[in-house]
Each structure stands twice: as structure tokens, then as C-alpha cells.
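Numbers for residues simply follow the sequence, beginning at 1. All figures in this text were calculated on a predicted structure; none of them were measured in a lab. Indexing begins at 1, ligand by ligand and atom by atom, following the structure's order.
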Amino acid sequence: MRLVLLGPPGAGKGTQSVLLAASLDVPHISTGDLFRGHVERGTALGEQVRAIMTTGGLVPTALTVAVVEERLSHGDAADGFLLDGFPRSTVQAEALDRILASRAQELSAAVLLDLPDDEVVRRIAGRRVCGRDPSHTFHQDTAPPLRAGECDYCGGALHRRTDDEPATVLRRQELYRSETAPLVDYYLRAGLLRRVDALGPVAEVGNRVQRALAASRR
Ligand code: ADP
Ligand code: AMP
């Protein structure tokens, strides 16, 4: 399956992606994780995006699309993928359509994780990520690690994302509303939107996602 996961920052996209990618046996491709990797390794791209990410802005579309196109060209994405955090604007969605069309492929579905604003704020406020692998995500109240401050999977030190500070979160939410939310209509019109209530325990939300995708097996 070729999937896109939509939803505001903190909706649980990364959390659900890890489960879904394992169950569908497709790679989880998070543009946020890809960019954070570049920042950490100090690559030229990392230097370009560091300040943008820290202040909650959007990385320029040309750079973002190039990163995604390169990643989608890896063999593990030939038969399916799960995109998390991309596309984030109509222009990016159109670019994705073009990339897929050039390979005679189509998206299977776009899953929207729907969550009230107050819960989004609570999730971001308590998010803690692993310093070794940022896809290892915890929450200080709802999904605490077994040992305080330590990743359950690899023992890495947990920290708060620099872009999870309240002022930055506000900017990211504004950008979500102005740039990304229009994608709900974009995918609705394409007949691809699957809206999922993201409130509730992780496993329960995961079951809802699976049910929402049951009609999209291609
Ligand atoms: P996103 O990738 O959409 O920004 P994350 O997957 O990082 O969101 O989740 C944000 C925070 O909410 C994390 O701390 C995560 O542990 C927590 N979280 C994710 N799903 C749930 C859930 N269903 N219930 C409670 N907390 C959750
Ligand atoms: P995320 O991990 O999805 O919350 O993304 C973290 C940050 O990476 C965002 O706030 C942006 O600065 C950048 N980013 C991730 N994906 C994109 C994208 N599709 N377009 C532009 N910037 C992005």
C-alpha cells in the first residue's frame, strides 16, 4: 500500500506509523525524521534546515520534494510506503502525484488522524523522543518509558524536541491550519481520504486505522 498520514503536529502520526508500517511491511518515511537525521549528522542539507526547524517553519518545497523523491527511489519503497509529515501543502501533494504518476503508481489512501486542539496540546507538551532514534517516541503521562529518561528500545537518552516549545508549537499549528489542512479537501475530492478519530489509547486508534484501510487494499 502507498499511504499518506495526515494530522496536526502531535496527533500521533509517528506513533501510528511505526505500528502500521510493521503490520503492512512497508517503510515508514517521516520527512521530519529525515531532516532531523541530516541536522544531527551536520550535512549541508542539515545546516540549511536547522534554523527553519527550530523555529517551526516549513522547509522549502523544492528541498523537501527532492528528499522524498530520493527516498522513494530506494528498493524498499518499490511496493509500498507510509509517508508521515509529507505532503504538508497542496503544492507538495501535487508533486507527490507527479512522482507517483511517473512510476505508473497511485496512492492507496490518505489517513487523517482527527484530534481536538486541547488533546493535541497535551500530547505535544508531554512528548519525549529518543536521542538515538527519533522514531522512538514516549509521552510522560500517556506512554512513559519503563525507566525515567531512558528509551525502552535502545537505552538512548530521552529529551524534549526543540520545536516542541510552546511558541514554536503555536507556529507549527498555524502552518498546519493554513498550509496542510487544505489537503483534507484535496484527498477527499480524490476519493482517498480516510478520517480516523485519534482520541483514545494507541492500540485502539491503530485498530481504527486498520478498519479505515480495509477498503483500500491495493
Ligand atoms: P506526530 O507524529 O503526529 O507529531 P507523535 O506520534 O509524536 O505525533 O505523538 C505525539 C505524542 O503523543 C507522543 O508523546 C506520543 O507518545 C503521544 N501519543 C501518541 N498517540 C497517543 C494516544 N493514542 N494516546 C495518548 N498519547 C499518544
Ligand atoms: P515533524 O517531525 O513532521 O513534526 O516535522 C518537523 C519539522 O520538519 C517541521 O516543523 C518542518 O520544519 C520540517 N518538515 C517536515 N516535513 C516537512 C514538509 N513536508 N515540508 C516542509 N517542512 C517539513
Side-chain angles (χ1 to χ4, degrees), residues 4-21 28-40 45-46 48-69 71 82-96 111-116 118-130 133-145 151-152 158-165 168-176 178-180 183 196-209:
V4 159
L5 213 51
L6 293 174
K13 298 182 296 298
T15 303
Q16 291 301 326
S17 292
V18 171
L19 300 176
L20 195 55
H28 166 209
I29 302 175
S30 153
T31 40
D33 284 352
L34 290 173
F35 288 139
R36 277 184 286 276
H38 277 278
V39 169
E40 203 140 288
L45 176 62
Q48 263 177 293
V49 304
R50 182 193 300 273
I52 298 170
M53 291 181 76
T54 307
T55 52
L58 288 180
V59 173
T61 289
L63 277 184
T64 306
V65 170
V67 164
V68 171
E69 187 159 21
R71 180 61 187 86
L82 174 50
L83 281 169
D84 160 13
F86 181 92
R88 249 175 163 93
S89 66
T90 306
V91 178
Q92 292 186 6
E94 288 166 350
L96 176 61
V111 177
L112 170 66
L113 295 181
D114 224 357
L115 202 66
D118 56 343
E119 177 64 11
V120 165
V121 169
R122 215 166 64 88
R123 287 192 184 177
I124 289 192
R127 170 158 60 187
R128 298 294 179 269
V129 296
C130 173
D133 182 342
S135 73
H136 298 160
T137 302
F138 299 83
H139 189 284
Q140 60 179 14
D141 307 318
T142 62
C151 177
D152 289 356
L158 300 183
H159 64 89
R160 192 168 191 196
R161 272 171 50 169
T162 50
D163 60 352
D164 278 350
E165 302 304 327
T168 315
V169 168
L170 209 61
R171 176 148 189 237
R172 289 163 60 213
Q173 286 173 326
E174 279 166 12
L175 281 171
Y176 177 77
S178 62
E179 301 296 317
T180 314
L183 292 182
V196 170
D197 174 8
L199 204 54
V202 170
E204 203 172 303
V205 176
N207 288 337
R208 286 181 209 142
V209 172

_Which residues share a salt bridge (charged side-chain N to carboxylate O under 4.0 Å, His left out) with R71, sequence neighbours left out_ = D76
*Find all atoms of ligand 1 within a distance of less than 4.0 Å from any non-hydrogen atom belonging to G200, and give their numbers and elements.*
22 (C), 23 (N), 24 (N)
_Spacing of L63 atom CG and Q48 atom CD [to the nearest 0.5 Å]_ = 5.0 Å
*Just distances here: any N/O of I124 and N/O of ligand 1 closer than 3.5 Å?*
no
*Nearest-0.5 Å distance that lies between atom CG in L45 and atom CZ in R50*: 11.5 Å
*Which atoms of ligand 1 are found less than 4.0 Å from any heavy atom of A11?*
3 (O), 8 (O)
*Ignoring hydrogens, just give me the one of R128, R123, R160, E204 whose non-hydrogen atom is nearest atom 12 (O) of ligand 1.*
R123
*What residues form a salt bridge (charged side-chain N to carboxylate O under 4.0 Å, His left out) with D133, not counting sequence neighbours?*
none
_Q173 and V169, any side-chain heavy atoms less than 4.5 Å apart_ = yes
_E40/R36 ion pair, N-O < 4.0 Å_ = no
*Given the rule in the side-chain contact (heavy atoms from CB on, under 4.5 Å) test, do T54 and T168 qualify, once you have shown the distances and angles that lead to the verdict?*
CA-CA 8 Å; T54 307; T168 315; over 6 Å; no
*Taking the side chain as every heavy atom from C-beta outward, state whether V202 and Q16 have any pair of such atoms under 4.5 Å apart.*
yes
*May I ask you to list the atoms of ligand 1 that are less than 4.0 angstrom from any heavy atom of G14?*
1 (P), 2 (O), 6 (O)
*Output the distance between atom CD1 (I124) and atom CZ (R161), rounded to the nearest 0.5 Å.*
7.5 Å
*Please could you name the atoms of ligand 1 that P201 approaches to less than 4.0 Å, counting only its heavy atoms?*
23 (N)
*S89 side, atom OG; L183 side, atom CG - distance, nearest 0.5 Å*: 6.5 Å
*Which of these, T15, V205, D33, has its nearest heavy atom closest to atom 15 (C) of ligand 1?*
T15
*asked:* Counting only heavy atoms not in Q140 (residues, nucleotides, ligands), do more than 12 fall under 6.0 Å from its CD?
replied: yes
*asked:* Any nitrogen or oxygen of P9 lying under 3.5 Å from a nitrogen or oxygen in ligand 1? Just yes or no.
replied: no
*asked:* Counting only nitrogen or oxygen atoms and a 3.5 angstrom limit, does K13 reach ligand 1?
replied: yes
*Among all protein non-hydrogen atoms, which one is nearest to atom 7 (O) of ligand 1, and what is the separation to 0.1 Å?*
R127 NH1, 2.7 Å
_Distance under 4.0 Å to a non-hydrogen atom of V202: what atoms of ligand 1 satisfy this?_
20 (N), 21 (C), 22 (C), 23 (N)
*asked:* Would T142 count as being in polar contact with ligand 1, using the rule that some N or O on each side must be under 3.5 angstrom apart?
replied: yes
*Examine R161 against ligand 1 and note whether any of their N/O atoms are separated by less than 3.5 Å.*
no
_Please enumerate all residues that pass salt bridge (charged side-chain N to carboxylate O under 4.0 Å, His left out) together with R172, with sequence neighbours excluded._
D163, D164
*asked:* With nothing but distance in play, are any N or O atoms of G126 less than 3.5 Å from an N or O of ligand 1?
replied: no
*P87 vs V68 side-chain heavy atoms within contact, under 4.5 Å*: no
_Heteroatom distance test (G10, ligand 1): nitrogen or oxygen, under 3.5 angstrom_ = yes
*Specify the protein heavy atom at minimum distance from atom 14 (O) of ligand 1: its residue, its atom name, and the distance to 0.1 Å.*
F138 O, 2.7 Å
*Candidate with minimal heavy-atom separation from atom 13 (C) of ligand 1, of D84, L199, D141, T137*: T137
*Nearest protein heavy atom with distance in Å, relative to atom 8 (O) of ligand 1*: G12 N, 3.1 Å
*Close-range residues for ligand 2, whose non-hydrogen atoms fall below the 4.0 Å threshold*: T31, G32, F35, R36, M53, G57, L58, V59, T64, G85, F86, R88, Q92, R161, D163, R172
_If I compare all heavy atoms of Y176 with all of P9, which pair ends up nearest, and what's the gap?_
CB-CD, 3.9 Å
*May I ask you to say whether E174 pairs ionically with R171, meaning some side-chain N is under 4.0 Å from a carboxylate O?*
no
